[in-house]
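No experiment lies behind these values; they were computed from the predicted model shown. No hydrogens, no waters, no symmetry mates; every other heavy atom, side chains included, goes into these values. Throughout, numbering of the chain's residues begins at 1 and tracks the sequence.
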Amino acid sequence: MALWWAEHAWLGGARTDRGVLLDVKDDRIASVTTGTGVAPRGANRLPGLTLPGLANAHSHAFHRALRGRTHERSGSFWSWRELMYSVASRVEPDGYLRLARAVYAEMALAGFTAVGEFHYLHHGPGGVPYDDPNEMGLALVEAAASAGIRLTLLDALYLRGGFERPLEGPQLRFGDRDAAGWADRVSRLDDTDRVRIGAAIHSIRAVAPADAVEAAKWASSAGRPLHAHVSEQRDEHDGCVAFHGRTPLAALDEAGALSSDFTAVHGNHFSPEDVFLLASTGGGCCACPTTERDLGDGIGPFRALHSAGVALSVGTDSHAQIDGFEEARAIEMDARSAGETRGVFAPFALGEAATVGGMTALGWDAGSLAPGRLADFVNIRMDSVRTAGVDPGLVAAAILAASAADVVTVVVGGKPIVADGKHLFVDEVERELADSIRSLIQ
Ligand SMILES: [Zn+2]
């Protein structure tokens, strides 16, 4: 039993509560009491503003190596992808573990308590499996455990290099023999207290509809979350319409992929029919706006999706930056610029995307400060140069003013992993990032 006393805490809605006492038993919140004037004796104090732990619903850990390195020449998603492939061709399990541990520690420092790793870097150079064909996935499991955050390993089926192209070069590492081989490999991975195994269809570009059927069947029979990149790039969306005669989302629907366990990642070029389709099947949508703007992907119809009842989540995806507050804020800011209007989303809806929306998409019973939920929370300071003078009585204080640099304390399952803004298990996260990236970039 442990008591945590929050000066201000967000329990839902536009406003926050003062003097909130969280009683934590084992790894869950046992009770929540509001309006307590002072911290009881023995309680852990959380000054400032406390929120549920943030969920990073879409990550490719090794893309962190590209940050700041792809801006010298004008380019596109596709030229960015060339450098990504050159890094992908060099990563081995030891280096993957080291880089991912540092990246997950960076996420923890930013207030994320769970990450959905969309994992497609499976095999050795040339596509030759390691002795354990899940060695790369297990490196990610170990990385998350050592950084202290929850991991949903979304193991991605990836079988072709384009609508009519086989895998080639670095892509050979991403593939499996076929969809049955993928399912057989993924079935050997197990859940633990802090790990969920999920499935992914890399994209309809990389997986033919007939193979997507197999992945969808495996995910639904095993009760696993299923994610897919959908309509990130206009070329990809239009190419699918030209080749398959339907949008990527419609092709995934025909393959049986859409359900309340499905998350469409991106959706930047969704048609109005796609928005309706996703809503009617109960699927969610993961926006990755800091990556989408970095890559020039376009701005998704997130307001229309939200209005239609689609649960939104956020992901830092390529890790151009790792800041859940900025990710949530960017959904609103992009919509403002595109629509020439303010107040497109209520701040609490953005907060829900960054917390409960992502946790649900990743299969975790977390994301709100409520009895029975997993005891994951993040505490931000309200006396930094960014947050001083901002009203902590509004959740907008976090969503529209704070940044990852304001995170002080992060608790996962009732246990702190960040205290005083320092990671408790990974020393010198900066050095770990620099050293692990140096070994991959030549
Ligand atoms: Zn992605």
Side-chain angles (χ1 to χ4, degrees), residues 12-14 54-59 77 112 116 118 203 225 227-234 236-237 247-250 252-253 258 260 262-362 367 395-396 398-400:
L54 308 183
N56 195 347
H58 189 68
S59 160
F77 170 87
F112 288 109
F118 196 108
S203 57
H227 290 214
H229 292 123
V230 192
S231 298
E232 175 177 7
Q233 282 279 320
R234 187 179 300 282
E236 168 206 353
H237 181 92
T247 66
L249 192 72
L252 286 164
D253 182 44
L258 273 55
S260 58
F262 177 76
T263 297
V265 181
H266 302 298
N268 303 95
H269 301 283
F270 273 168
S271 67
E273 292 76 19
D274 287 334
V275 171
F276 176 77
L277 176 60
L278 191 57
S280 64
T281 54
C285 185
C286 180
C288 306
T290 69
T291 291
E292 289 153 7
R293 70 194 187 194
D294 182 70
L295 294 175
D297 286 339
I299 299 172
F302 301 123
R303 171 69 228 190
L305 287 160
H306 179 66
S307 298
V310 172
L312 298 180
S313 51
V314 299
T316 64
D317 189 1
S318 67
H319 313 309
Q321 58 190 111
I322 293 179
D323 185 331
F325 303 108
E326 174 60 23
E327 212 67 54
R329 177 160 61 229
I331 297 176
E332 167 71 14
M333 295 308 167
D334 287 349
R336 288 186 187 186
S337 291
E340 300 178 39
T341 184
R342 302 184 84 224
V344 181
F345 287 86
F348 77 83
L350 301 169
E352 287 171 356
T355 56
V356 68
M359 290 294 182
T360 306
L362 298 178
V395 71
I399 301 303
L400 292 163

What closest approach, in Å, do [X] and [Y] show between heavy atoms, and which atom pair accounts for it?
X      : Y      : value
Gly358 : Ala57  : CA-CB, 4.3 Å
Val230 : Ala264 : CG2-CB, 3.9 Å
Val314 : Ala354 : CG2-CA, 3.9 Å
Leu312 : Leu305 : CD2-CB, 4.3 Å
Ala304 : Val275 : O-CG1, 3.8 Å
Asp334 : Pro289 : OD2-CB, 3.8 Å

Hey, is the main chain of [Y] close enough, under 3.5 Å, to the side chain of [X] for a donor-acceptor pair?
X      : Y      : value
Arg303 : Ala335 : no
Ser271 : Asp274 : yes
His269 : Gly267 : no

Return the [atom1] to [atom2] distance between [X] and [Y], rounded to the nearest 0.5 Å.
X      : Y      : atom1 : atom2 : result
Leu295 : Glu232 : CG    : CD    : 6.0 Å
Asp297 : His237 : CG    : NE2   : 13.5 Å
Ile331 : Ile299 : CD1   : CD1   : 11.5 Å
Asp317 : His229 : CG    : NE2   : 5.5 Å
Leu249 : Phe262 : CG    : CZ    : 6.0 Å
Leu278 : Glu273 : CG    : CD    : 13.5 Å

If you measure only the distance, is there a donor-acceptor pair under 3.5 Å linking the side chains of Asp294 and Thr291?
-> no
With a 4.5 Å heavy-atom cut-off, do [X] and [Y] have their side chains touching?
X      : Y      : answer
Phe325 : Leu54  : yes
Ile399 : Phe348 : no
Glu292 : Asn268 : yes
Thr263 : His58  : no

Do Phe118 and His227 have ring centroids that are under 6.0 Å from one another?
-> no
Give a yes or no on whether Arg336 atom CZ has more than 12 heavy-atom contacts from other residues, nucleotides or ligands under 6.0 Å away.
-> yes
Residue among Glu327, Glu326, Glu332 satisfying salt bridge (Lys or Arg N to Asp or Glu O under 4.0 Å) with Arg329 = Glu326
Out of Leu258, Thr247, Leu252, which one pairs with Leu277 under the side chain to side chain contact (heavy atoms under 4.5 Å, CB included) rule?
-> Leu258
Would you please test Val310 and Phe302 for side-chain contact (heavy atoms from CB on, under 4.5 Å) and show each step?
-> CA-CA 9 Å; Val310 172; Phe302 301 123; over 6 Å; no
